[in-house]
2 protein chains.
Amino acid sequence: MEAKNTPKVRATLEDVAQHAQVSLATADRVLNKRPGVRAATVARVNEAVRRLGYRPDPSAAKLARSRLRRVAFLLPAGANRFVGLLSEQIAANVEWMRDQRIDSEVLAVNVFNPGELAKALLAQEGQRDAVMVMALDHPVVRSAIDQLTQAGTVVITLVSDVPSSTRQHYVGIDNTAAGRTAATLVGRFVGRQPAKVAIILGSLSLRDHAERYFGFNQVMAHEHPHLTVLPPLEGQDDATRNEVLTKELFTAHPDLAAIYSVGAGNGGISTALRTSGRAHNTVFVGHELTPASRTDLLDGTMDAVINQDAGHEIRSALRVALAQWSQEPVIADQERIRIDIYLKDNLP
Amino acid sequence: MEAKNTPKVRATLEDVAQHAQVSLATADRVLNKRPGVRAATVARVNEAVRRLGYRPDPSAAKLARSRLRRVAFLLPAGANRFVGLLSEQIAANVEWMRDQRIDSEVLAVNVFNPGELAKALLAQEGQRDAVMVMALDHPVVRSAIDQLTQAGTVVITLVSDVPSSTRQHYVGIDNTAAGRTAATLVGRFVGRQPAKVAIILGSLSLRDHAERYFGFNQVMAHEHPHLTVLPPLEGQDDATRNEVLTKELFTAHPDLAAIYSVGAGNGGISTALRTSGRAHNTVFVGHELTPASRTDLLDGTMDAVINQDAGHEIRSALRVALAQWSQEPVIADQERIRIDIYLKDNLP
DNA sequence: CTGTTAGCGCATTCAA
DNA sequence: TTGAATGCGCTAACAG
């Protein structure tokens, strides 16, 4: 059961250099893709790397490196609980980042304005080794991302993807699957009798919201045809607006059986449910585990919360960046962000 | 938003030594709790560590260390799918372990025999820096664990805990909560009409099974009183036995509404459900995501799978050990093993 | 009980 | 375009 295929004594860059008949410095140059080495030499070194199964020792590399890698997190400005969690997790990982020779900074950006976001992105060119961005999927933003990656900056999209861009990686959940998951929960919790289901979301122009909505409808249509899905209501992720929308919903559809909240601002929905005395007989499924949604889950106002772990997302983004810079290995299934389902019973 | 409280330039052991007026070697001795230093000197060094906010650089420490830390994984012998997943994950992490100066070995033990397990544990004394064990909670085992930790070996229980022992850490889920989670799923999926629910488990003498059973009953009794929970059936985690038990269940209770499978051997239950044509109208909730349970979920035979991520458990155990040995930081919420709920829609 | 010293494997000047 | 030399922060062997 032991790892017998990996040699007990690891090849060093020095070994590679010897086998390739070059100096340590040259070997290092080709390893780190630095210019100023003849093509033939590059080939020789790479061949030696292959033959020896060389992989750099991350510890040695970090110790020797003087310069810190600079990374920027571009997060939406404004008070969104989930974004707050992301910031907290960034803060919680500064020590670890120091150990990894990473220096990070959080920049608040008005994400809803594509122009501003693009400007903020472009301002990072040359300033950072990586930028992690919770982006709006818009042509202007896409092109800014592309320009950044051209310039050699690692770009990682966070939570909401910009799939058509050249970003190196997306860290976040599959939002269509998340929508489907919500639908199954709602469908099974409501039961077999015909009923109405409402959807409240921030805006259909947000990629993640649109995808969740799509997934939700898919499953509803195919697997729960006895349930009627009402037209989606856009509350701009605002609790106050959501509260109003929810109340209107109740008057228009006294027989409403369930609500799926796609975005933020769940507090408003909870309030409406509670004040109207319908908290326990309306199925309410929403996203993101926060102190508020946790309470709602425990007191029965919410029935399930679908979550993406902010801590995992931050660490994953960082690990992926590290892997891009060096030749460090990435454990694929460790970097897959899961769609967590929380009931009152399995809260962390 | 930047980390302004942590100094840009990190204190080194050398700095600590200077401030404490000792040599590097002595500083290192007290840092690593090695003997042969006067109490007064120890105090001076520790004071300097505190004042400077010193934390060792893990990269430097790993680079300098020649000896590998030796860890043993003691896993149940015999073909259990989940245990297989654990082994796979160990294998998948050998590269990473090498980077961390860890050398691991997997030992198959007959876990159901306390004497054998204890013997295997004791055999590790002096041989390993840490042992990760999927243990049976039994006095003989507990005392073996205690003896190991006395000897300075880090012991980490995996998947099933031995709480009364002096093991440094438990890596696994809260099984009572997992049982509660299962109950809520079953309760909500079955609906409001009175019905019967069956429980199949490996053995009530296994701590994790007993805890899940307990949690399940708790929630059933308090929140779903209209559901009748039948006496638990013990199938020894064996698929064949479970199939027989399930068939007997159907003849004895033609109106059975749900089955909660606490342990392994779900294949037998699925087979019984399918051959009797009840796969889609019996709620079936079980544990551990394997290729088989994944299929059952997708074809509707299973309704939910409660999982603990084998990969996370292995990496967590390793990280915790690393933290015990050195002063490396542990990110608490990263080490909490979550109770994952999988429906057909959020499969990874 | 304490100090001196020599690397660990790589990044990074500075020369050639 | 390439090489030699230095040092990152720590561990560990060796001296006293």
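Per chain, numbering begins at 1; letters A, B, ... match sequence-line order.
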Is [X] salt-bridged to [Y], going by a charged N under 4.0 Å from an acidic O?
{"X": "A:Asp57", "Y": "B:Arg101", "answer": "yes"}
{"X": "A:Asp99", "Y": "B:Arg10", "answer": "yes"}
{"X": "A:Arg70", "Y": "A:Asp103", "answer": "yes"}
{"X": "A:Arg338", "Y": "B:Asp340", "answer": "yes"}
{"X": "B:Arg44", "Y": "B:Glu47", "answer": "no"}

- Query: Of the nucleotides D:dT2, D:dC10, D:dT11, which one has an atom closest to the side chain of A:Thr41?
  - Reply: D:dT2
- Message: Given C:dT2, D:dT2, D:dC10, identify the nucleotide with an atom nearest to the side chain of A:Arg38.
- Response: D:dT2
- C:dG9 OP1/OP2 closer than 4.0 Å to side-chain N/O of A:Ser59: no
- Query: Would you say the side chains of B:Thr166 and B:Asp146 form a donor-acceptor pair under 3.5 Å?
  - Reply: yes
- Task: Please work out the stems of DNA chain C from pairs that are Watson-Crick or G-U wobble with both distances under 3.5 Å, keeping only runs of three or more consecutive pairs.
- Result: C:1-16 with D:1-16
- Note on the structure: Here the distance between atom P of C:dA11 and atom CZ of A:Arg69, to the nearest Å, is 9 Å
- Message: Rounded to whole Å, how long is the line connecting atom CD of B:Gln21 with atom P of C:dG3?
- Response: 10 Å
- Only residue of B:Arg69, B:Arg67, B:Gln324 satisfying side-chain hydrogen bond (donor to acceptor under 3.5 Å, both in side chains) with B:Asp129 is B:Arg67
Please list each protein N or O that sits under 3.5 Å from an N or O in nucleotides 4-8 of chain C, with the distance.
from  : atom 1 : to      : atom 2 : distance (Å)
C:dC8 : O2     : B:Leu63 : O      : 3.3
C:dC8 : O2     : B:Ala64 : N      : 3.3

